[in-house]
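So you know, we letter chains A, B, ... as the sequences are listed, proteins then strands, and number each from 1.
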Amino acid sequence: LAKTTQPISMDSYEGQEVNITCSHNNIATNDYITWYQQFPSQGPRFIIQGYKTKVTNEVASLFIPADRKSSTLSLPRVSLSDTAVYYCLVGLLASKLTFGTGTRLQVTL
Amino acid sequence: NAGVTQTPKFQVLKTGQSMTLQCAQDMNHEYMSWYRQDPGMGLRLIHYSVGAGITDQGEVPNGYNVSRSTTEDFPLRLLSAAPSQTSVYFCASSLQGFVSPLHFGNGTRLTVT
C-alpha cells in the first residue's frame, strides 16, 4: 500500500492561500490522487482529483510533481468556513487504496 | 436529493452482540464501499461492491460481513461485536470505483462496551 503522510495540523488567517502537502512515496503507476474535506459529524466531501501536473477547479488546485511522490492541495483565499480536516487518498484499486491521516486546518480572522 | 443515507447515527453494543449498519444511495451508483475511521488514522476500507451481487474485501474485513442484493443498498453486518470495532463507520458510493469521486454518508458512530 502507498503510505501517505500529511501534516497533522495547519493554521491560517482568513484571506490567505493555504497549501497542504501529502507524501506518497510508494505510489503506483496507475494510482490517482484525490483530496477530500471533512467537517465534524459529516462524511468526507470530494474536492479535487488528479494524476499528474496541475488540476484546477472552482474551489482548489492540485499540484503533482513529475515523480508523483507527493501532491499539494492549494486553497486560495481561505475563509472561516474552510476550517475542516483535509484528507488525501491515493489509489485506483481497492487493494491499493490508502487515505492519509488527515490535516486539520484552522482558519481564524 | 438524499445522496447516501446511513442509519443509525449512533449505536452502543455490548461485546458479542450483532447488528447491521444500513446504507442506501439514490444516485444509481454501481460502486459502494464501507470504511472505518479511527482517531489518528485515515479511513480504512472494510468491504466494497462493484454491483449488485458482487462484493469483495478491503484492507480490514475481519469481523464484518456485507451483501449487495440491490443497487441501492449495501448493509454492513457485525456478527459478534468486539471493543476493537468501536469506530465511526462511513458508507460511500461512486460511479466508477475509486477513480471517481466517492459520495459519503454522514457516518454511524459505534461504541462497543
Side-chain angles (χ1 to χ4, degrees), chain A residues 1-9 20 22-24 26-52 55 57-60 62 64 71 73 84-104, chain B residues 2-10 21 23-25 27 29-51 54-61 66 74 87-109:
Chain A
L1 292 176
K3 180 175 168 58
T4 58
T5 306
Q6 302 177 232
I8 294 174
S9 64
I20 306 174
C22 180
S23 294
H24 28 79
N26 297 328
I27 189 168
T29 303
N30 295 329
D31 285 345
Y32 280 74
I33 300 156
T34 313
W35 284 81
Y36 290 86
Q37 175 190 56
Q38 186 178 28
F39 298 111
S41 300
Q42 293 186 21
R45 185 174 68 176
F46 172 84
I47 301 174
I48 197 166
Q49 182 183 69
Y51 180 79
K52 60 180 180 180
V55 180
N57 62 21
E58 63 275 10
V59 299
L62 178 59
I64 305 170
S71 58
L73 173 71
V85 180
Y86 293 82
Y87 292 94
C88 65
L89 169 63
V90 177
L92 171 66
L93 302 175
S95 58
K96 296 184 178 182
L97 206 69
T98 307
F99 276 91
T101 52
T103 298
R104 187 173 301 275
Chain B
V4 177
T5 302
Q6 291 184 239
T7 55
K9 286 184 168 45
F10 302 94
L21 280 63
C23 176
Q25 55 97 3
M27 295 172 283
H29 286 167
E30 289 296 327
Y31 283 75
M32 296 187 75
S33 46
W34 277 101
Y35 305 82
R36 59 179 290 172
Q37 185 175 44
D38 300 297
M41 304 182 75
L43 284 81
R44 290 182 292 170
L45 179 65
I46 304 172
H47 284 286
Y48 67 101
S49 170
V50 301
I54 306 169
T55 63
D56 207 343
Q57 297 180 349
E59 181 186 353
V60 288
V66 292
F74 190 42
S87 187
V88 181
Y89 291 86
F90 289 98
C91 176
S93 73
S94 62
L95 200 54
Q96 292 181 326
F98 305 105
V99 73
S100 58
L102 297 169
H103 298 259
F104 286 89
N106 283 332
T108 294
R109 183 174 294 276

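Side chains of A:C88 and A:L73 form no contact here, defined as non-hydrogen atoms less than 4.5 Å apart.
For A:Q42, the parts lying under 4.5 angstrom from a heavy atom of chain B are both the backbone and the side chain. Within the 4.5 angstrom heavy-atom criterion, atoms from both the backbone and the side chain of B:L102 approach chain A. Contacts between B:Q6 and chain A at a heavy-atom distance below 4.5 Å are absent for every atom of the residue. The contact between A:L89 and chain B is made entirely by side chain atoms (from C-beta outward), counting heavy-atom distances below 4.5 Å. Interface remark: A:Q38 contributes side-chain atoms only to the contact with chain B (heavy atom separation under 4.5 Å). Residue contact with chain B, scored on non-hydrogen atoms closer than 4.5 Å, is absent for A:F39.
Relative ring orientation between B:Y48 and B:F98 is described as perpendicular, the plane-to-plane angle rising above 60° on a 0-90° scale split at 30° and 60°.
Note that the CE atom of B:M32 and the NE2 atom of B:H103 stand 11.5 Å from one another [nearest 0.5 Å].
Checking B:T108, B:L43, B:L21 one by one against B:F90, the side-chain contact (heavy atoms from CB on, under 4.5 Å) holds for a single residue, B:L43.
Shown here is B:I54, whose CD1 atom has more than 12 heavy atoms of other residues, nucleotides or ligands within 6.0 Å.
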